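The structure appears below as structure tokens.
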Amino acid sequence: MNIAKVIVDIPVSSINQTFDYLIPEKFQDILSIGMRVIVPFGPRKIMGFVVDRTSESAFDKLKEISDVLDLTPALTTELLDLGRWVANETVSFYITALQAMLPQVLKAKYKKELVRMTDSELPPYLEELFSGRDVIAYEEFEGSVISYYQLQKAVQDGDISIDYLVKSKITKKHVTMIAPSRDLHLLEEALQDLSKNAKKQKQLLQYFLENSEPIEKKLLLERLQTTNQTVKILIDKALLKSYQVEVYRNPYDDDAFQRTTELELTDEQEIAIKPIKENIANNRHDVFLLHGVTGSGKTEIYLQAIQDVITKGEEAIVLVPEISLTPQMVNRFKGRFGSKVAVMHSALSAGEKFDEWRRIQRKEVQVVVGARSAIYAPFENIGIIIIDEEHETTYKQEDQPRYHARDVAIYRGKTHECPVILGSATPTLESYARAQKGVYKLATLSKRTNEKAMPEVEIVDMRDELHAGNRTMFSRELKDKIEHCIQKGEQIVLLLNRRGYSTFVMCRDCGHVKECPHCDIALTYHKNSNQLKCHYCSYEEPMPMNCPECTSDLIRYFGTGTQRVEEALTKLIPEASVIRMDVDTTRRKGSHEKLLNQFAEKQADILLGTQMIAKGLDFGNVTLVGVLTADSMLHLPDFRSSEKTFQLLTQVSGRAGRHELPGEVIVQTYTPDHYSIELASKYNFNDFYKKEMTTRKTFQYPPYVFLALLTISHQNKVKAVQTAQKIVQLLMKNIQNDTVVLGPTPSPILRVKDRYRYQCMIKYKNEPQLRSYINKILDLFAEESRKEDLLITVDMQPYHFM
DNA sequence: AGCACGCCGACT
DNA sequence: GTCGGCGTGCTC
């Protein structure tokens with residue numbers, strides 16, 4: 001078994017295979033499957049994953065593995081298999097699927113260096129470049145006047161060599177510890193000998209005589225109100241010693257969470273949890289769809305099921321949409337399970353993520369609560385997987401590998417023979433349909449645990465407002481209610497469903513709209529920087545003073561961004577204090593929590609924000625929720641737009657009147673008769689489901705069919721269309737007769753980053769060979785893709801069609 | 001991906 | 001003769 005099969009860190013179709021390497025004698029005993037290694041690849045060195053060990057290879061001249069990067073495998077064999085499945089399922093490269101499972105810091109960084117190999121005189125230009133050093137960064141050469149040809153010659157002569165390095169990004173955090181370095185009686189002697197002036201030294205020695213345990217230096221200095229200087233004197237006297245220990249960056253202070261105990265379950269909850277507990281007890285795998293209205297106590301079910309799993313000595317994965325949005329969620333898990341919980345989400349620094357990952361890998365925790373990628377937590381005895389807010393689209397990764405965490409969860413649930421729980425107040429039609437068919441087990445929680453009714457929802461027809469001469473974006477109704485609320489000292493949440501709208505810039509004279517020069521999309525105005533930005537590429541330009549077309553100075557920004565709404569709101573109701581939450585005000589780390597805390601401490605009357613405020617917030621003093629434009633995403637080119645509208649309205653309505661005070665919801669819309677708005681206002685999921693299912697059936701959309709989306713992009717529009725056409729024809733030849741291939745159609749935003757995009761949609765019911773057809777097509781166009789910069793991307797079960 | 005190799009054409 | 005610019009093929 002002296003040969004390793006390695007998957008190499010290059011995401012290209014021609015390299016999407018294993019490469020064989022000899023295992024040098026010194027690594028024979030330590031190298032195991034799942035470890036990261038450095039291997040020579042052509043002239044360079046790159047990182048790879050060992051996926052197998054064998055004793056034979058079809059190749060005769062094998063190179064040796066240069067180095068091993070891990071002491072314990074970064075990936076378990078289960079995760080290696082899972083990666084293969086994900087890669088196949090999503091039509092991605094194996095290496096891409098594997099990389100997605102690991103924290104960023106485990107990815108390799110590559111560096112080139114020039115090394116001087118001779119002591120004899122080099123040509124003067126090279127002497128100048130090295131200027132006395134033996135090794136320099138390759139970039140220094142690139143920035144110099146020396147030609148590549150000149151370098152090449154020096155390399156050929158053996159005077160200089162180019163070194164290819166693989167650098168690890170891992171950084172471990174260390175703290176300095178201070179401890180007594182001698183017997184305590186020696187410290188006591190020293191204490192006697194100290195001069196009277198040495199008060200601080202005395203204090204320090206006394207401290208260690210009372211507490212002989214090592215202590216973190218920072219803490220010691222703080223506690224004794226002294227400085228590094230004093231400590232250093234005692235270290236120099238060899239009475240104390242200092243040393244470094246590695247610590248985990250724990251982003252959460254486990255002691256700060258108030259411990260909770262199990263709550264008594266309602267009858268409904270008891271009925272729901274029973275089959276889940278049976279699953280756990282019998283090592284069975286079922287998928288449960290937990291359909292429970294907001295406040296019906298889904299989380300308590302999760303917690304008690306997890307408790308069973310922990311008691312059994314197994315582990316739990318809990319996915320939540322984007323955890324930084326719900327600190328309350330972290331509180332609940334940390335409150336129940338304390339330091340047994342690791343938290344994984346995007347707001348953590350790379351180092352913090354790595355440390356949390358290692359705590360999981362070393363089995364120092366039994367529960368992980370995290371966003372999408374936490375589904376790859378390196379546990380080995382998973383006893384339950386929970387996906388909260390199952391309908392959230394953030395569970396679908398939007399770059400490769402384009403996996404859906406729900407699918408991965410179910411696959412892992414099968415391998416670990418454990419239950420998977422999908423929880424939501426507004427399940428996706430896909431999941432609910434499966435529950436109806438009995439593929440998933442349905443559990444319904446129809447009552448709130450506090451027996452409170454859901455808040456009353458009132459729909460306001462904005463057309464009537466317009467006819468009555470109200471041209472603001474606040475109906476008279478909403479204005480009155482807001483004022484009333486403020487008078488009573490209660491709080492308000494206002495949701496601006498901004499998607500589809502943004503603050504674009506238009507000339508009032510000639511109607512010219514500023515667009516991105518690289519994309520077919522209007523630029524967005526950002527007030528704080530006074531810049532115009534493109535949301536698709538990173539293009540930016542200052543806000544012009546005059547129209548570039550007609551030079552008129554009547555160029556203004558339009559649209560209903562949160563900034564505009566805030567301005568209008570404070571003009572309309574001057575006494576209102578507003579906290580605005582959107583991408584601009586929450587970009588900085590921790591600013592999200594800060595704003596929410598301010599609102600919780602009643603520093604403002606109104607919380608105004610986009611989608612991000614619809615989820616999981618729980619403020620007792622909020623009695624009014626206003627949705628400013630309920631229909632803004634109803635008209636997007638997306639077959640899920642009704643479903644998304646229904647989900648959003650239901651979620652946001654649940655933010656009002658969560659505790660003692662009763663709540664109210666006002667929904668402003670131009671299409672009050674639309675079923676998703678009407679049925680959301682009545683919390684009628686079942687009718688919405690039925691209605692929406694008929695639409696999906698008529699137009700043949702999921703869950704009646706599966707979808708695959710191929711996007712073809714090229715700088716040349718004609719080239720993109722023609723290739724798309726060819727691909728459609730090729731697909732048509734291979735598919736079964738109830739499969740439909742649509743297109744090519746221009747992507748909703750035709751041009752992005754100077755590339756034209758055409759797409760082709762496949763709707764299929766049963767097409768077991770589809771992935772292999774697609775792969776064949778990709779192979780067929782592989783040459784062209786490389787030579788002519790043609791790009792074909794595949795998205796199985798897409799969520800975004802842009 | 002990214003590197004070497006080879007062919008070509010420009011410039012000295 | 002010297003040098004840079006692509007197109008092409010290959011990586012265990």
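Because the structure is a prediction, the values reported are computed rather than measured. Reminder, nothing fancy here: chain letters follow the sequence lines and each chain counts from 1.
Taking every side-chain heavy atom of F41(A) into account, dT11(C) is the closest of dT8(C), dT11(C), dA4(B). Among dT8(C), dA4(B), dA1(B), the nucleotide with an atom closest to any side-chain atom of K787(A) is dT8(C). In this structure, the nucleotide among dC12(C), dA1(B), dA4(B) sitting nearest to the side chain of D20(A) is dC12(C). Here the side chain of Y21(A) is nearest to one of dG2(B), dT11(C), dC12(C), namely dC12(C). Taking only side-chain atoms of K153(A), from C-beta outward, the nucleotide of dC12(C), dC3(C), dA4(B) with the closest atom is dC3(C). Of the listed nucleotides (dG2(B), dC12(C), dG4(C)), dG4(C) has the atom at the smallest distance from the side chain of Y149(A). When distances run from any side-chain atom of L62(A) to the nucleotides dA4(B), dA1(B), dC12(C), the shortest one goes to dC12(C).
Distances shown here put every side-chain N or O of Y110(A) at or beyond 4.0 Å from the OP1 or OP2 atom of dA1(B). Remark: T18(A) is not in phosphate contact with dC12(C), judged by side-chain N or O atoms under 4.0 Å from OP1 or OP2. When the side-chain nitrogen and oxygen atoms of Y164(A) are compared with OP1 and OP2 of dA4(B), one or more of them lie within a distance under 4.0 Å. The side chain of K112(A) contributes an N or O atom lying less than 4.0 Å from OP1 or OP2 of dC3(B).
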query: Can you list the steps and then say if D789(A) with Q715(A) is a side-chain hydrogen bond (donor to acceptor under 3.5 Å, both in side chains)?
result: CA-CA 8 Å; D789(A) 198 20; Q715(A) 287 97 318; 3.2 Å; yes
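No side-chain heavy atom of Y21(A) sits under 4.5 Å from any side-chain heavy atom of N2(A).
Within the 4.0 angstrom heavy-atom criterion, no nucleotide atom of any strand lies near K5(A). Looking at heavy-atom distances under 4.0 Å, Q150(A) makes no contact with the nucleic acid at all. If you check every strand for non-hydrogen atoms under 4.0 Å, I3(A) touches nothing.
Judged purely by distance below 3.5 Å, without hydrogens or angles, the side chains of E380(A) and H416(A) never pair a donor atom with an acceptor atom.
Counting to the nearest Å, the P atom of dG5(C) and the OH atom of Y148(A) are 13 Å from each other.
The base of dG9(C) sits with one of its N or O atoms less than 3.5 Å from a complementary donor or acceptor on the side chain of R786(A).
Pairs passing the side-chain hydrogen bond (donor to acceptor under 3.5 Å, both in side chains) check and including a residue from residues 102-116 of chain A, sequence neighbours excluded, read D9(A)-Y110(A), R116(A)-E127(A).
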